[in-house]
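Input: a single structure, listed below in C-alpha cells.
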Amino acid sequence: MKKLISIITMAIMFLTMTGCDDKEKKPEMDPEAAGEFVVDYMKEKYDVDFEFETYKKEKNKDSAEIYGNVLNNRDYMHIICVEPKGNDNDGDGYFDSYKIRNKTYYSY
C-alpha cells in the first residue's frame, strides 16, 4: 500500500511540474503581407511596378525571400529578403510590419 501511495504521489508531482506550456506562440510571417510590402517598397523607392511571384521562408530564420520581376523589365529576377520589423500587436498570429534585409537580382 505504501508503494502504491508513493507511486501516485510521484506521478502527481511529475504532472504538476511539467504542466501546460503557457508561453505565447511566436508570430509568423504573412506571405501576402510581405509580398505587398515589397511591391509598395519597389514602387516608392524605385518608381517601378513590381510583380510578386513567389515567397520562400528561409529555414530556421524569421526572414523570407520574395521573388518577382519589375513589370517593364523582365530581363532580371529580383530576390528581396524581408524580415519582421515588429510584433503581432493586433493578435492575428502574423508580424505586423516588415523591413528589407537585402536585395539581389539575376539576369535571364
Side-chain angles (χ1 to χ4, degrees):
M1 184 70 169
K2 287 183 181 181
K3 195 173 189 178
L4 180 61
I5 292 173
S6 294
I7 292 172
I8 291 172
T9 303
M10 288 177 60
I12 291 171
M13 287 176 49
F14 177 77
L15 290 173
T16 58
M17 292 168 118
T18 57
C20 295
D21 190 8
D22 291 331
K23 291 181 183 176
E24 249 182 67
K25 185 179 176 190
K26 187 175 180 179
E28 296 180 18
M29 292 187 67
D30 181 356
E32 192 173 311
E36 287 176 19
F37 167 73
V38 170
V39 168
D40 293 343
Y41 171 85
M42 294 294 283
K43 183 67 176 175
E44 185 178 314
K45 177 117 180 162
Y46 300 107
D47 194 26
V48 295
D49 293 320
F50 184 78
E51 181 179 46
F52 164 55
E53 289 185 8
T54 59
Y55 169 94
K56 180 181 174 189
K57 175 91 169 66
E58 294 183 298
K59 289 184 180 181
N60 304 321
K61 294 183 182 178
D62 281 334
S63 59
E65 294 177 341
I66 305 291
Y67 294 80
N69 292 303
V70 174
L71 292 178
N72 62 354
N73 184 358
R74 294 191 174 270
D75 294 335
Y76 300 96
M77 167 62 77
H78 292 261
I79 303 170
I80 301 167
C81 294
V82 296
E83 58 188 29
K85 184 182 143 181
N87 296 315
D88 177 21
N89 295 326
D90 59 8
D92 66 354
Y94 296 106
F95 289 104
D96 294 333
S97 58
Y98 300 92
K99 64 182 177 181
I100 302 295
R101 192 179 75 212
N102 62 17
K103 304 177 292 283
T104 57
Y105 60 90
Y106 298 96
S107 65
Y108 291 113

>> Ignoring hydrogens, what is the shortest heavy-atom contact between C81 and E58? Give both atom names and the distance.
In response: SG-OE2, 4.4 Å
> Going by side-chain heavy atoms closer than 4.5 Å, which hydrophobic residues are tied to Y55, directly or by a chain of links?
Replying inline: M29, F37, V38, V39, Y41, M42, Y46, V48, F50, F52, I66, V70, I80, V82, F95, Y98, I100
> For the atom pair CD (E51) and NE2 (H78), what is the distance rounded to the nearest 0.5 Å?
Replying inline: 11.5 Å
> More than 12 heavy atoms of other residues, nucleotides or ligands under 6.0 Å from NZ of K43: is that the case?
Replying inline: yes
> What is the distance from atom CD of E83 to atom OG of S97, rounded to the nearest 0.5 Å?
Replying inline: 11.0 Å
>> Using modelled atom types and a 3.5 Å cut-off, is there a donor and acceptor pairing between side-chain atoms of D30 and backbone atoms of E32?
In response: yes
> Ignoring hydrogens and geometry, is there a side-chain-to-backbone donor-acceptor pair from D88 to G93 under 3.5 Å?
Replying inline: yes
>> Would you compute the distance between atom CG of N87 and atom NZ of K26 and round it to the nearest 0.5 angstrom?
In response: 10.5 Å
> Is the NZ atom of K57 crowded by more than 12 outside heavy atoms at less than 6.0 Å?
Replying inline: yes
> Which atom pair, heavy atoms only, marks the closest approach of P84 to K99?
Replying inline: O-CE, 4.1 Å
> With side chains defined as the heavy atoms from C-beta onward, is the minimum distance between M77 and N69 less than 4.5 Å?
Replying inline: yes
>> Determine whether a donor-acceptor pair (N or O, by modelled atom type, separation under 3.5 Å) exists between the side chain of D96 and the backbone of G86.
In response: no
> Residues two or more places apart in sequence or in another chain: which of them pass ring pair (Phe, Tyr, Trp, His ring centres under 6.0 Å) with Y94?
Replying inline: none
